[in-house]
Amino acid sequence: MGDGKLNNGVSGKMIRKGEYTIYNGREYRFIESDSVEAIELISNDKNEMDNGFTYYKNNIYTKIVGVDEVKELYSINPYAVYKGEMFSASEERKTGKVLLDTTNTELAKKMGFERTDKYMYSNSVERDEVELIEERKPYSLD
């Protein structure tokens with residue numbers, strides 16, 4: 001899983017995935033901006049409009065800030081330990097269950113996963129059946 005830091009026992013409602021940063025002491029998702037040396041912060045909190053965010057659409061608020069204004073940039077990839085094995089993980093929004101994925105055919109058969117694509121096998125499990133882990137790697141705009 002690379003040289004990222006692992007954060008075991010992740011709690012909270014959402015399984016996080018993507019690029020994140022720290023701005024004014026708070027964590028935000030971000031995307032790269034068309035502006036040079038800038039990123040676009042993303043929030044779902046309407047109160048962020050008081051902090052210079054603008055309404056985008058569907059409860060999404062954004063703010064462009066310079067890279068020099070944020071503490072660090074990092075990428076988060078979620079994993080889950082299920083029955084002693086590590087799988088990539090995501091959240092099924094409709095059910096709140098954890099969706100586990102693997103391309104390892106033998107492991108998938110052993111664990112009773114269903115084939116969901118040509119090379120992908122998946123299984124939905126309850127949150128309390130897994131230990132969620134976040135891999136956190138430094139992110140570069142280069």
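Since we're looking at a predicted model, the values are computed, not measured.
Residue Glu91 holds its CD atom at 10.5 Å from CG of Leu99, rounded to the nearest 0.5 Å. Note that CD of Glu69 is 11.0 Å distant from CD1 of Ile64, once rounded to the nearest 0.5 Å. Separation of atoms OG (Ser124) and CD (Glu129) is listed at 10.5 Å; rounding is to 0.5 Å. Taking NZ from Lys17 and OG from Ser75, the interatomic distance works out to 9.0 Å, rounded to the nearest 0.5 Å. Interatomic distance, CE of Met86 versus OH of Tyr79, reported as 8.0 Å (0.5 Å rounding). Once rounded to the nearest 0.5 Å, the distance linking CG of Leu41 with CG of Asn51 reads 10.5 Å.
Looking at Arg93, its side chain never comes within 3.5 Å of a backbone N or O of Gly96 through a donor-acceptor pair. No donor-acceptor pair closer than 3.5 Å links the side chain of Asp101 to the backbone N or O of Ser88. Side-chain atoms of Glu48 never come within 3.5 Å of backbone atoms of Asp45 as a donor-acceptor pair (strictly under, hydrogens ignored). Counting only distance, with no hydrogens or angles, the side chain of Thr21 and the backbone of Glu72 share a donor-acceptor pair below 3.5 Å. A donor-acceptor pair is defined here as one N or O able to donate and one able to accept, closer than 3.5 Å; no such pair exists between the side chain of Glu134 and the backbone of Ile76. Remark: the backbone N or O of Leu100 is not paired with any side-chain donor or acceptor of Asn123 at under 3.5 angstrom.
Ile60 and Phe53 sit in two unconnected hydrophobic clusters of ILVMFWY residues. Membership requires side-chain heavy atoms under 4.5 Å apart, directly or through other members.
Side-chain contact between Leu132 and Arg127 is present, with at least one heavy-atom pair separated by less than 4.5 Å. Looking at heavy atoms from C-beta onward, Val98 lies out of side-chain contact with Glu92 at the 4.5 angstrom threshold. Residues Leu73 and Ile39 form a side-chain contact, since some pair of their non-hydrogen atoms from C-beta on lies under 4.5 Å apart.
Taking every heavy atom of both residues into account, Val67 and Ala38 meet most closely at CG2-N, 3.8 Å. In plain terms, the two heavy atoms of Ile42 and Tyr28 that are nearest each other are O-CD2, 3.8 Å. Across Lys97 and Val125, no two heavy atoms sit closer than the pair CB-O, 3.3 Å. Closest of all the heavy-atom pairs between Glu32 and Leu141 is CG-CD2, 3.4 Å.
A 6.0 Å sphere centred on CG of Asp34 holds no more than 12 heavy atoms belonging to other residues, nucleotides or ligands.
With ring centers used as reference points, Tyr61 lies under 6.0 Å from Tyr55.
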Apply the test salt bridge (Lys or Arg N to Asp or Glu O under 4.0 Å) to residues Glu19 and Arg29: give CA-CA distance (whole Å), side-chain angles for both, the deciding distance (0.1 Å), then the verdict.
CA-CA 6 Å; Glu19 287 69 51; Arg29 288 179 297 138; over 6 Å; no
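Looking only at atom types and distance, the side chain of Lys63 has a donor-acceptor partner in the side chain of Tyr23 under 3.5 Å away.
The stretch residues 83-121 participates, sequence neighbours left out, in these ring pair (Phe, Tyr, Trp, His ring centres under 6.0 Å) pairs: Phe87-Phe113.
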